[in-house]
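The next block holds one structure in the form of structure tokens; read it before the comments.
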Amino acid sequence: MSINVWSILKFFAYVAIIMFFLFPIAWIFNMSFMTNDEILRKVPVLFYEPTFKNYIGLWEGEIAIEGFATMYVYFKQNLINSAILSVGSVSVTLLLGVPAAYAFARYKFKGGEDIAFTLLSFRFAPALLIILPLNLYFSEIGLYDSYFALIWVYQLITLPLLLWIVRGYFEDISPDIEYAYRLDGHSWFQSFWKISIPLAKPGIAAASLLCFIYAWNNFVFALILGSSQIQPVTVGALAFITASAIPYGLIACGIVVSVLPTLILALFIQKYLVQGLSLGAIKG
Amino acid sequence: MSYLDLDNLSKSFKDDKIISNLNAKIEKGEFFVVFGPSGSGKTVLLRLLSGIMMADSGEIKMDNQIINELHPEERDVSMAFQNFALYPHMKAYENIASPLRAKNKNMPENEIHEKVNEIANLLKIGHVLNQFPKELSNGQKQRTSLARSLVDKPSVVLLDDPLRNVDAKIRFEMRLELPKVLKEFNTTVIYITQDFREAMALGDRIAVLYDGKFNDIDSPKNIYQNPSSLTTAKLFGDPTINNFDATIKKQNGFVEVDVNGEHF
Amino acid sequence: MEYDKSFFNLYFFTIIIELLLGLGIALLLAKRNWLNNILGVLLVLPLMIAPALASLIWRLLINPNFGIVNYLLSFIGIDDFTWASHPDTVLFTLIMVDVWVFTPFIMILLLAGLRSLPRQPFEAAELDGVPEYYKFFRITLPMLFPFILTASLFRLLESIQQFDIIYALSQGGPGESSMVFQVSAYLQTFQYTNIGKAAAMMVVLWAICYFLCHVFVQQWHKLKIKTKGELLQ
Amino acid sequence: MSHSKMKSAIDTFLKGKMSRRDLLIKAGRYGIGFAALTKLMGMQVTSALAAQDFDWKKHSGTTIKLLMNKHPYMDSMIAELDNFKALTGMNVEYDIFAEDVYFDKVTAALSSKSSEYDAFMTGAYMTWTYGPAGWCADLNDFIQDSNKTNPSYNWNDVVGNLRDACSWSGVAGDVPGAAGSKQWCMPWGFELNSVTYNMRYFEKAGMKPPGDLVEMTDQAEYFTKNAGSNEWSYGIGTRGSRSWATIHPGFMSAYANYGLVDFENNGGKLKAAMNSQASKDFHKQWVKMIASSGPANWSGYTWYEVGNDIGAGASAMIFDADILGYFFNGNPDNKEAGNFGFHGFTPNPSASAPTPNVWIWSLAMSNFSKKKDAAWYWMQWCNGPENAMAGGVKHNQVNPVRESVWASGDFDDKIRGTSPGYMEQYNSSIDGSKIHFTAQPLFFETTTEWAAALQEMQTGSNVDETLDKLASKIDRMMKDVGLA
């Protein structure tokens, strides 16, 4: 009896969660195949002839509004920019953050905690506070409007996140396992590469995914520090709104397309996320 | 000339002296048991010997070479950890093969295969080589860990209370089996335990560690019969008898034992 | 300041709801099967949409003229819900959208945490026939606590600064009802061009974050040591 | 035959040696209609300009960079940009950002004194901050310099109200355009806040567009009350976000029409006047209208939602920028496109004509530009008579700022063909249109507070009290900067 109640509750929990979190997503997906006329109805249309006009328009970058004007969108370039910025940022973060996280987890050196905390404090440096001075600074040293500068600034968001998540995972690995590997005759670097990193993989995977998402979604840094040539999809998609319409179909379509790379990455990473326990018994 | 020479070794953490001015000379091929109560610094000693920790002062000489400053991977020492420290993401076979791959860069795969199987069969784990550590029983984990420390025939094997985390039956079996296996390798063994019976059963010599140094180093028989101090004697007493709250005092040249108010 | 109250309400409610919901979902999805694996990825979708765009879409979803959410609500008798356009409902709306976007963040971290917990304590508890709730409160929760702290730390720091959802949905209105620190700092910087004043506000914000963060990190260290039982060396 | 003679006549005209009137007379003599004349001019513009006694090639090879808002004006500029490049040999780069974030970008660029951008789009209100802060250049230095400005530029062709609105002395309370004003920007396109209504709905309801605010309120209420069985959802669309943008369109236009002011100016000291009795009465009327028949989620409404709603047929009319109605009417993706009528609106029953508050998309020059002279070449081309004509006739450059474009037959034909009542609306409104706000440096602070107060009143708080509170708050703010 009690098991029944429990599983009924569980069923409703699933339904509620799916409805709340995924229904809007499904509706966005749905809208991406609709015209604005079909989207903006008092009573929603459920059956309509799906149009690929939005997708084609995004791809071609030119949307002709019949007898009125031609709308230009630079979404493809925005997508490429987002990809460069996010992949670049996450790569740099992994390169710097994983060894640093390891150092903070393993070596209790003097001032180590202070450095770790300072790095964390970058994360809560309010963007509005630093963005104007940064703009001034980057203009002065000729870094305004460069991918490099943005990837650098993105580290403020991604590096602390990765550092603090991955650090916890490293701390969970028994140091004896690493010592054992070194006593086998492997160098410090080999034990880091072959033991510590593989064992912290679920944490590194989860942190990288989050870093990627945050880099991908960043808005204000790119907006202020870059020309329209290097704007990511987040800024680009807002430009769909014109003086003659809010093309919701196109915006929905832009969201769908902009989410796809992250979704694919998440699916790819998922096996590591899931791996967590299956390696299990890290402690013995 | 002894093979392993510990000269005035000291190690402390903050203000805590764990090991102070410890001396020992260990012969080649000897089964040297370090016995001491928990918290006496046995594990620290092993870590100093293996290079995981560096001594504050004193010297460790191996074959007349000072090895204090050498990294773990540079010392011809292997170790089996109390908690096994198996690599969870590698199968038992790869766990055991690890030292072979590390120290003999170009060892052909078939030779590795041969050596791993040889030691695995000797330790009766030939049938679990294809399993991950989490799929092994504690006894099998322990044997895998031993196999890993022995497979490359190191000059010195450090065994950190290897029987502590296995159940009584296996412990009993292994106590008989271990000396035989180790003899075949003709290697110097430093074995840590806090079980005096185990120490007596296994050791060629026993060193009794407390107060940061070796207080007795002698054959099991001698230590048992002629302990150099009361503390040693107490440690080697049968635990069931000593299971009372007892105060031991030296009074008027006599030893006085005070148990629940009664004097002996 | 006049917006102290909504400031407090917004952050604390939001984070507590996100934590509880994130933990609940993580527990629900902890067991590995095809449904949970798929949901584990799909439920991250809201986080993958930039908050600025997510808010734009939510504005449409809750638009009284065209919004699907309003349409569906009318079936259960809720007509003319005022959402972000009335002081009584604006906080609810902001929290709802924030929860929608950011619960997945907590969910990912806790799910990864749950799945990396060592098994022995659970196995032992199962052998002893310990009841579920006891297992949850005495084993799962304490072991998960460092993860919970990390997740809430990041959410707290983020939501104290993050303004795009609030700005897109209510600009701090109606009236002053959802005016928070960072929205007013944004207005000072970019609309009023009182850059100095805005910077001063931001420094205060930074100091608050610094303090909160410090407390959190200390707790985090303590918990780590406690849950580990022993710290090596 | 007549064409070649006409060409030389146009040349003479373009060189500024013949008046427009003479040109038209000549054209009539050769039997050339106005439309054909315009086309002919368009073809000849580039070569004609090039033939002027003006060194268009002076900055040949220079690249300037613009910071622009995503807007139809910008689209029409880009469409003609090759002509400019051919004429001057200059290169023009531009960054375009969505309006939602555009001014953030401008503020960031200017406040960091970046020389990245040479010219940018702005509104007149913004220059009340940018100008006194030294962020943008006084364009009088260029307009009045015949060495820098081509002879056919004809600054006086730009509607006078607009020219004035883009200039200011920098002294709080001084009227824009008064003596001592600096030209912080130049008008490029503008918006009059009038009524755009759905003709189909009004016909169905048997109504004519509203004569005054009371009638508008009644009509709006009718539409809202009868929404259930009809296609529409509510009566009147206005903005309601917590922002200056809520105050400046319909609201300020109506406010001014009642003769109300935002501040009383006592010799440079400003006193908030939103809580005068007349203002309170007006607010009550306005709040009653939006609360009873505005959009259900009015507070938060931005210009694009106002446009979106009338475009999709949710609202029956809007009291907002005329061009918003124009653009949504023209875009066939909107359900109700083509059904809109335009109406110059006089809210005050005792007023004689509309008094729209005007929004002007303008061009300003960054004071940090290192290529100001070159940037000025682009600016004088961009809002020069030739390009304004091309924008108005060939593209969607409504509303053009030059009287010559409004007077052109082609433009007239184009507007009348698509937008019933639009020309009449313009003609009835333009004389009364200007910036009805008091020019002062805290414009954005005070109007944002004003919008917040409106939101409070719309959601039920007492109008009198709220306005008293607003006025004292604004007085306090003015006092803090020494203006009260």
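To find a chain, count down the sequence lines: A is the first, B the second, and so on, and within it residues start at 1. Below, each value reflects all heavy atoms present in this structure, side chains not excepted, and no hydrogens, waters or symmetry copies.
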Under 4.5 Å from any heavy atom of chain C, what part of A/R41 do you find: side chain, backbone, both or neither?
backbone
With only heavy atoms counted, which part of C/Y210 is less than 4.5 Å from chain A, the side chain, the backbone, both or neither?
both
Under a 4.5 Å heavy-atom cut-off, does chain A meet the side chain of C/I57, its backbone, both or neither?
side chain
With a 4.5 angstrom heavy-atom cut-off, could you sort out which part of A/I28 is near chain C: side chain, backbone, both or neither?
side chain
Toward chain A, the part of C/H214 with a non-hydrogen atom under 4.5 Å:
both
Given heavy-atom pairs under 4.5 angstrom as the criterion, report whether the side chain, backbone, both or neither of C/Q162 touches chain A.
neither
What part of C/V99 gets within 4.5 angstrom of chain A, counting heavy atoms only: side chain, backbone, both, or neither?
both
Under 4.5 Å to a heavy atom of chain A? For C/L72 that would be side chain
So which of A/L238, A/V220, A/V43 has the largest heavy-atom pair count under 4.5 angstrom toward chain C?
A/V43
Most chain C-contacting option - heavy-atom pairs closer than 4.5 Å, from A/W216, A/F23, A/Y214:
A/Y214
Using non-hydrogen atoms only, which part of A/L161 is less than 4.5 Å away from chain C: side chain, backbone, both, or neither?
both
Are C/R155 and C/F102 in a cation-pi contact, defined as NZ or CZ under 6.0 Å from the six-membered ring centre and within 45° of the axis?
yes
Please flag which part of C/Y186 lies under 4.5 Å from any non-hydrogen atom of chain A: side chain, backbone, both or neither.
both
Most contacts with chain C, counted as non-hydrogen pairs under 4.5 angstrom, among A/A125, A/S258, A/G254, A/A252:
A/A125
Please look at C/L53 and chain A and tell me whether the side chain, the backbone, both or neither of the residue comes under 4.5 angstrom of a heavy atom of that chain.
both
Checking A/F20 against chain C: side chain, backbone, both or neither under 4.5 Å from a heavy atom?
both
C/A199 versus chain A, the contacting section by heavy-atom distance below 4.5 Å:
both
